[in-house]
K.L.:
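Below you'll find the structure I mean.
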Amino acid sequence: MLYNFKSIAVVPGAKEFVDVILSKTQRKTPTVVHPQYQISRIRGFYMRKVKFTQQNYHDRIAQILEEFPKLDEIHPFYHDLLNVLYDKDHYKLALGQLNTCMHLIDKIAQDYVRLLKYGDSLY
């Protein structure tokens, strides 16, 4: 199978990754809550922000995971080269941690939406 390694995008650092996602959330969702809004509308406002942020994280991490080649699908020469240059166990571990991170973000967002939706507190 022919694989183009140059098509893999550069993975941003943690701070840059967070900045990009939060900037996109700020641009694409409403930003003002007025005091006269009903509590249900305010809750909906924040639930929308949490869900949008979670979806952006999920999409970006899934894109990273899809772009990187699976070791079982690449030519044995590239498999050995990757093992020499970057240790295949470390590579698999890093991709696995990204996958786990994606699922944890989904769970955290789900918990926060649940808290926002069913919380008894007014603030």
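Bear in mind the structure is a predicted one, so any value in this text is a computation, not a measurement.
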K.L.:
Using the benzene-type ring in the case of Trp, are the ring centres of Tyr57 and Phe17 under 6.0 Å apart?
P.N.:
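Yes, the ring centres sit under 6.0 Å apart.
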K.L.:
Taking atom types as modelled, find out whether Asp59 and Gln55 have a side-chain donor-acceptor pair closer than 3.5 angstrom.
P.N.:
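There is such a pair (donor and acceptor under 3.5 Å, judged by atom type) between the side chains of Asp59 and Gln55.
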K.L.:
Is a side-chain N or O of Gln54 found less than 3.5 angstrom from the main chain of Gln110, in a donor-acceptor match?
P.N.:
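Checked: no pair found.
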K.L.:
Has Arg43 got a side-chain atom pairing as donor or acceptor with Gly119's backbone, closer than 3.5 angstrom?
P.N.:
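Yes; at least one donor-acceptor contact below 3.5 Å.
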K.L.:
Kindly work out whether a path of hydrophobic side-chain contacts (I/L/V/M/F/W/Y, heavy atoms less than 4.5 Å apart) joins Phe45 to Tyr118.
P.N.:
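No, separate clusters.
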K.L.:
For residues 92-104, dump all side-chain donor-acceptor pairs below 3.5 Å to protein atoms at least two apart in sequence or in another chain.
P.N.:
{"residue": "Asn99", "atom": "OD1", "partner": "His103", "partner atom": "NE2", "Å": "3.4"}
{"residue": "Thr100", "atom": "OG1", "partner": "Gly96", "partner atom": "O", "Å": "3.0"}

K.L.:
Just how far is it from atom CG of Leu115 to atom NZ of Lys117, taken to the nearest 0.5 Å?
P.N.:
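It comes to 12.5 Å.
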K.L.:
Stepwise, does the side-chain contact (heavy atoms from CB on, under 4.5 Å) test hold for Ile105 with His58?
P.N.:
CA-CA 8 Å; Ile105 289 171; His58 185 94; over 6 Å; no
K.L.:
With hydrophobic residues grouped by side-chain heavy-atom distances under 4.5 Å, do Ile39 and Val113 end up in a single group?
P.N.:
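No, Ile39 does not connect to Val113 through the hydrophobic network.
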K.L.:
To check you understand the geometry: which heavy-atom pair defines the closest contact between Thr29 and Thr25, and what is its length?
P.N.:
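Residues Thr29 and Thr25, closest heavy atoms: OG1-O, 2.6 Å.
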K.L.:
Contact between Pro69 and Ile8 at the side-chain level, heavy atoms closer than 4.5 Å - yes or no?
P.N.:
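When only atoms from C-beta onward are counted, Ile8 and Pro69 do touch, with a gap below 4.5 Å.
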K.L.:
Any side-chain to backbone donor/acceptor pair from Asn56 onto Ile21? Under 3.5 Å, distance only.
P.N.:
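No, Asn56 side chain to Ile21 backbone: no donor-acceptor pair under 3.5 Å.
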K.L.:
Taking a hydrophobic cluster as the set of Ile, Leu, Val, Met, Phe, Trp and Tyr residues connected by side-chain heavy atoms closer than 4.5 Å, whether directly or through intermediates, do Val50 and Val18 fall within one such cluster?
P.N.:
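Per the 4.5 Å side-chain linkage, Val50 and Val18 are not co-clustered.
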K.L.:
List in chain and number order the residues that pass side chain to side chain donor-acceptor pair (under 3.5 Å) with Tyr91, two or more places apart in sequence or in another chain; answer none if no residue qualifies.
P.N.:
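In terms of side chain to side chain donor-acceptor pair (under 3.5 Å), with neighbours along the sequence ignored, Tyr91 is linked to no residue.
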K.L.:
Working note: Phe5 + Tyr78, criterion ring pair (Phe, Tyr, Trp, His ring centres under 6.0 Å); need CA distance, chi angles, decisive distance, verdict.
P.N.:
CA-CA 10 Å; Phe5 292 102; Tyr78 293 119; 4.9 Å; yes
K.L.:
Using the benzene-type ring in the case of Trp, are the ring centres of Tyr46 and Tyr112 under 6.0 Å apart?
P.N.:
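Centroid distance Tyr46-Tyr112: not below 6.0 Å, so no.
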K.L.:
Quick check: is Val33 connected to Phe52 through a chain of hydrophobic side chains (ILVMFWY, heavy atoms under 4.5 Å apart)?
P.N.:
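In one cluster: no.
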K.L.:
Which atom names give the shortest non-hydrogen contact between Lys88 and Asn83, and what distance separates them?
P.N.:
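Between these two residues, the closest heavy atoms are N-OD1, 3.2 Å.
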K.L.:
Are the side chains of His34 and Val32 in contact, using a 4.5 Å heavy-atom criterion?
P.N.:
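In short, these two side chains touch, coming nearer than 4.5 Å.
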K.L.:
So, the side chain of Lys49 versus the backbone of Pro30: is there a donor-acceptor pair under 3.5 Å, distance only?
P.N.:
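Side chain of Lys49 to backbone of Pro30, a donor-acceptor pair under 3.5 Å: yes, one is there.
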K.L.:
How long is the straight-line distance from CG of Leu116 back to NZ of Lys51, given to the nearest 0.5 Å?
P.N.:
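Answer rounded to 0.5 Å: 10.0 Å.
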